[in-house]
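No experiment lies behind these values; they were computed from the predicted model shown. All heavy atoms count here, side chains included; hydrogens, waters and symmetry mates do not.
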Amino acid sequence: MGKKSEELYTKRFERHFDELRWLYMELYDNGSMFAELCDGMKAFYEERADALRKLDCEREKQPDWYKKNDMLGMMFYIDNFAGNMKGVESKLDYLEKCNVNYIHLMPFLDTPKGRSDGGYAVSDFRKVQEKLGTMEDLEDLTAACHRKKINVCMDFVMNHTSEDHEWAKKARKGDGEYMSRYFFFNNREIPDMYEKTVPQVFPTTAPGNFTWLPEIDHYVMTSFYPYQWDLNYRNPRVFNEMMYNFLYLANRGIDIIRIDAVPYIWKELGTQCRNLKQVHTIVRMMRMIAEIVCPGILLLGEVVMEPEKVVPYFGTVDKPECHMLYNVTTMATTWHTVATRDVRLLKRQLDIVNGLPKEYVFLNYLRCHDDIGWGLDYGTLQTEGFGERSHKQYLNDYFQGYAGNSVSRGELYNADPVTGDARFCGTTASMCGIEKAGFEQDEEAMEQAVRMDVMLHAYMFMQSGIPVLYGGDEIGQVNDYTYKDDPDKAQDSRYIHRGAMNWKLAENITDDKTVEGRIFQQLGRLEKIRKSENVFMTEADAWTFETGDKSVLGIGRAYGKETLLGLFNFSEYDKTALVPEEGTPYTDLLSKETVKAGAVELPAYGFRYLKKR
């Protein structure tokens, strides 16, 4: 390491040292472990590649580099998308055609077959699943992505390890050093005390929060599944080792670290073991460690709550935590709007997000690898005549295609016959009716389904933050029911929307007579508009407006002297919507026609991008 590089590290280290040491000692009161952490950070900085250090410096000079209007993400499973990492590298030209410059590689670290929870039960944080490649392949892929200005995101599962992890194996043999890295109890007394206040994550498929291990006569805490053992962050050894894993992965060229299940990291008896203040201490330390060793990377928090409740995970201006968070509730509310043709709740949700400081960056999406949980604002819905249990039932019936003149297809996940609660699984295309229309060979229905699919993406692009596509959505890929033939997947209906990319259908992207071509080309036009119009910058002003019809959502965006209004029809009927400032001329960015404010026509599931002239 050269003198200039060492001076830069020292400058970063000294900037954060006092706060980092204060927080560490407050949590652990262990000076020798803190000194070890500092030595480890220096070692990971020294082995960081020159190209990554150069990228760090560039991003330090432009700290808002990820807040521009050219950011577009796509998430996918490596094996489903292209077989392995080398396959993904061979598909980078395709990703460029999708206008994507940020890819989220779904979990790819080593996991046990049949007990992986989709890759979230990690048995080795420094090994890639053999079927997907090697760490060298990952470095080759990230380097190839960087040459094309594509950022790479990966999942970092901090809350737990697989029961097959080296630590867990030693703990299972009764090694006290490794048992202390988890939560072990030799009787039910303390587990029963935890159970009084800690909710269950999967009450039907994995009830309770503890698993009995008869071979050592102990219970171990397992918040998610019995094969995922919760890590004990009260132990400074756990924190240090997980930070070394974090830095090791950052040094492989990862740009965005998605912290899985952030709220669960710290456990405290007598609490819900969610969102405790120590979690924020840990994430803040993680942010500082990154800013010292690898300041070019971003932290993305997976916090499944309403936007106003996830805000603490951004930290403060002086003490930031995550750079970005998921906008989960707005996603679920979007599908509620599809099922009810009523935009009122969604409008209120967007108003809340738009009222938050512009420094906060949300990731917006229609679908992801996970199910849809109906965590809506039932307090507001009840004032509009919706009961929580009955409405959840309606939503699940609707999206299975059983109610409300639905064209959707999909399946329930974790259905609880006692509470009536359940989550829903399906791809965007299947939920919009593309699967049904294709099966019935109904061209008129297909036209409407495609229009709905594109409208939802156009609406998502108007939200404040970074839009993320789910791999396959760009060609309208439908549900894949073949998971039922795989004994390792058959019990998990989430695999219905985790099907393999159909590259044969992807060949149709240039043919606008095909469903794939129509969706791909229309999304392409929207993506290019988003990149060319300043109103899509993260720091732009955003608001909703009344349209005179409860099925039509109105969103406005302004940046400098530029203003764009979006109209989105969430119903299967043609609508007339009101645009404010009657008589003001606008240009429809898609049709290029002049539209005057006032009464504006919208076809079923249609939308307009109207730029003020």
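For the atom pair L300 CG and I257 CD1, the distance stands at 10.0 Å (nearest 0.5 Å). The CZ atom of F568 lies 11.0 Å from the CE atom of M460; values are rounded to the nearest 0.5 Å. Residue L132 holds its CG atom at 13.5 Å from NZ of K86, rounded to the nearest 0.5 Å. To the nearest 0.5 Å, atom CG of residue L52 and atom OG1 of residue T142 are 7.0 Å apart. In this structure, CG in L363 is found 11.0 Å from CD in Q463, a value given to the nearest 0.5 Å. With values rounded to the nearest 0.5 angstrom, R59 atom CZ is found 11.0 Å from C294 atom SG.
When ring centroids are compared, Y470 and Y77 stay outside the 6.0 Å threshold. Between W335 and F570, the distance separating the two ring centers is not shorter than 6.0 angstrom. The aromatic ring centres of F399 and W374 sit less than 6.0 Å apart.
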Pair F314-F362, ring pair (Phe, Tyr, Trp, His ring centres under 6.0 Å): steps then yes or no: CA-CA 10 Å; F314 284 116; F362 285 100; 5.4 Å; yes
Show your working on side-chain hydrogen bond (donor to acceptor under 3.5 Å, both in side chains) between E601 and T576 and close with a plain yes or no. CA-CA 5 Å; E601 301 301 317; T576 300; 3.1 Å; yes
Stepwise, does the side-chain hydrogen bond (donor to acceptor under 3.5 Å, both in side chains) test hold for Y573 with S551? CA-CA 9 Å; Y573 302 106; S551 296; over 6 Å; no
Worked check of side-chain hydrogen bond (donor to acceptor under 3.5 Å, both in side chains) between E435 and N479: CA-CA 7 Å; E435 178 183 335; N479 292 334; 3.1 Å; yes
Test salt bridge (Lys or Arg N to Asp or Glu O under 4.0 Å) on R518 and D512 and set out the steps. CA-CA 5 Å; R518 277 143 68 187; D512 59 10; over 6 Å; no
Please evaluate residues N327 and T330 with respect to the criterion side-chain hydrogen bond (donor to acceptor under 3.5 Å, both in side chains), reporting the C-alpha separation (whole Å), side-chain torsions for both, the decisive distance (0.1 Å), and the verdict. CA-CA 6 Å; N327 194 352; T330 302; 2.7 Å; yes
Might you work through the side-chain contact (heavy atoms from CB on, under 4.5 Å) test for R498 and Y483, ending with a clear yes or no? CA-CA 9 Å; R498 296 174 181 174; Y483 80 93; over 6 Å; no
Yes or no on salt bridge (Lys or Arg N to Asp or Glu O under 4.0 Å) for R494 and D117, after CA distance, side-chain angles and deciding distance? CA-CA 10 Å; R494 289 176 299 180; D117 185 25; 3.1 Å; yes
For salt bridge (Lys or Arg N to Asp or Glu O under 4.0 Å), just list the numbers for R126 and D110, CA-CA rounded to whole Å, side-chain angles, deciding distance to a tenth of an Å, and then say yes or no. CA-CA 8 Å; R126 303 196 185 190; D110 204 32; over 6 Å; no
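A side-chain donor-acceptor contact under 3.5 Å links D155 and Y120. In this model, a donor atom of one side chain and an acceptor atom of the other lie less than 3.5 Å apart for D255 and H146. For the residue pair Y398 and T340, no side-chain donor N or O sits within less than 3.5 Å of a side-chain acceptor on the partner.
A donor-acceptor pair under 3.5 Å links the side-chain atoms of H323 to the main chain of L299, judged by distance alone. Checked by atom type and distance alone, the side chain of S571 never pairs as donor or acceptor with a backbone atom of R341 at under 3.5 Å. Looking at T337, its side chain does come within 3.5 Å of a backbone N or O of T333 through a donor-acceptor pair. Formation of a donor-acceptor pair under 3.5 Å by the Q400 side chain with backbone atoms of N396 is found in this model. In terms of modelled atom types and a separation under 3.5 Å, the side chain of D453 and the main chain of V450 share no donor-acceptor contact. Remark: the backbone N or O of V454 is not paired with any side-chain donor or acceptor of Q522 at under 3.5 angstrom. Judged purely by atom type and a 3.5 angstrom limit, D574 uses its side chain to pair as donor or acceptor with the backbone of A604. In terms of modelled atom types and a separation under 3.5 Å, the side chain of K531 and the main chain of N99 share a donor-acceptor contact. Checking side-chain atoms of T427 against main-chain N and O of Q477 turns up a donor-acceptor pair under 3.5 Å. Of the possible polar contacts, none joining the D511 side chain to the G517 backbone as a donor-acceptor pair under 3.5 Å is found.
Within 6.0 Å of CD in Q491 there are 12 or fewer heavy atoms belonging to other residues, nucleotides or ligands. Within 6.0 Å of NZ on K596 lie no more than 12 heavy atoms contributed by other residues, nucleotides or ligands. Around the CG atom of N405, the shell of radius 6.0 Å holds no more than 12 heavy atoms that belong to other residues, nucleotides or ligands.
For the pair M106/H104, a side-chain contact is recorded, criterion being any heavy-atom separation below 4.5 Å from C-beta on. Residues E572 and Q448 meet the side-chain proximity criterion, which asks for heavy atoms closer than 4.5 Å. By the 4.5 Å heavy-atom criterion applied to side chains, L567 and L610 are counted as neighbours. Using a 4.5 Å heavy-atom cutoff, the side chains of T514 and I475 are not in contact.
Of the candidates Y94, Y102, F81, F76 forms a ring pair (Phe, Tyr, Trp, His ring centres under 6.0 Å) with just one, namely F81. Of the candidates K358, K561, R557, K358 is the only one forming a salt bridge (Lys or Arg N to Asp or Glu O under 4.0 Å) with D541. In summary, of the residues considered (K612, R608, R613), a salt bridge (Lys or Arg N to Asp or Glu O under 4.0 Å) with D588 occurs for R608 alone. No option in L72, I529, N69, L456 other than L72 meets the side chain to side chain contact (heavy atoms under 4.5 Å, CB included) test with F461. Here the rule is salt bridge (Lys or Arg N to Asp or Glu O under 4.0 Å) with E96, and of K149, K148, K91 only K148 fits it.
A salt bridge does not link K67 with E359: every distance from a Lys NZ or Arg NE/NH1/NH2 to an Asp or Glu carboxylate oxygen is 4.0 Å or more. Salt bridge D480/K489: absent, no basic N to carboxylate O contact under 4.0 Å. Between R367 and D473 there is no salt bridge, since no side-chain N of the basic residue sits under 4.0 Å from a carboxylate O of the acidic one. Salt bridge absent: D70 and K68 never bring a charged side-chain N and a carboxylate O closer than 4.0 Å. Taking the charged nitrogens against the carboxylate oxygens, E440 and K436 do have a contact shorter than 4.0 Å, which makes a salt bridge. The pair E593-K611 does not count as a salt bridge, with every side-chain nitrogen at least 4.0 angstrom from each carboxylate oxygen. E507 and K504 are joined by a salt bridge, as a carboxylate oxygen and a charged side-chain nitrogen come within less than 4.0 angstrom of each other. Under the 4.0 Å criterion applied to side-chain N and carboxylate O atoms, K97 and D93 are not assigned as salt-bridge partners.
Every residue two or more places apart in sequence or in another chain that forms a salt bridge (charged side-chain N to carboxylate O under 4.0 Å, His left out) with R423 is listed here: D371.
Stacking of R252 on the aromatic ring of Y248 is recorded, both the 6.0 Å distance cut-off and the 45° axial limit being met.
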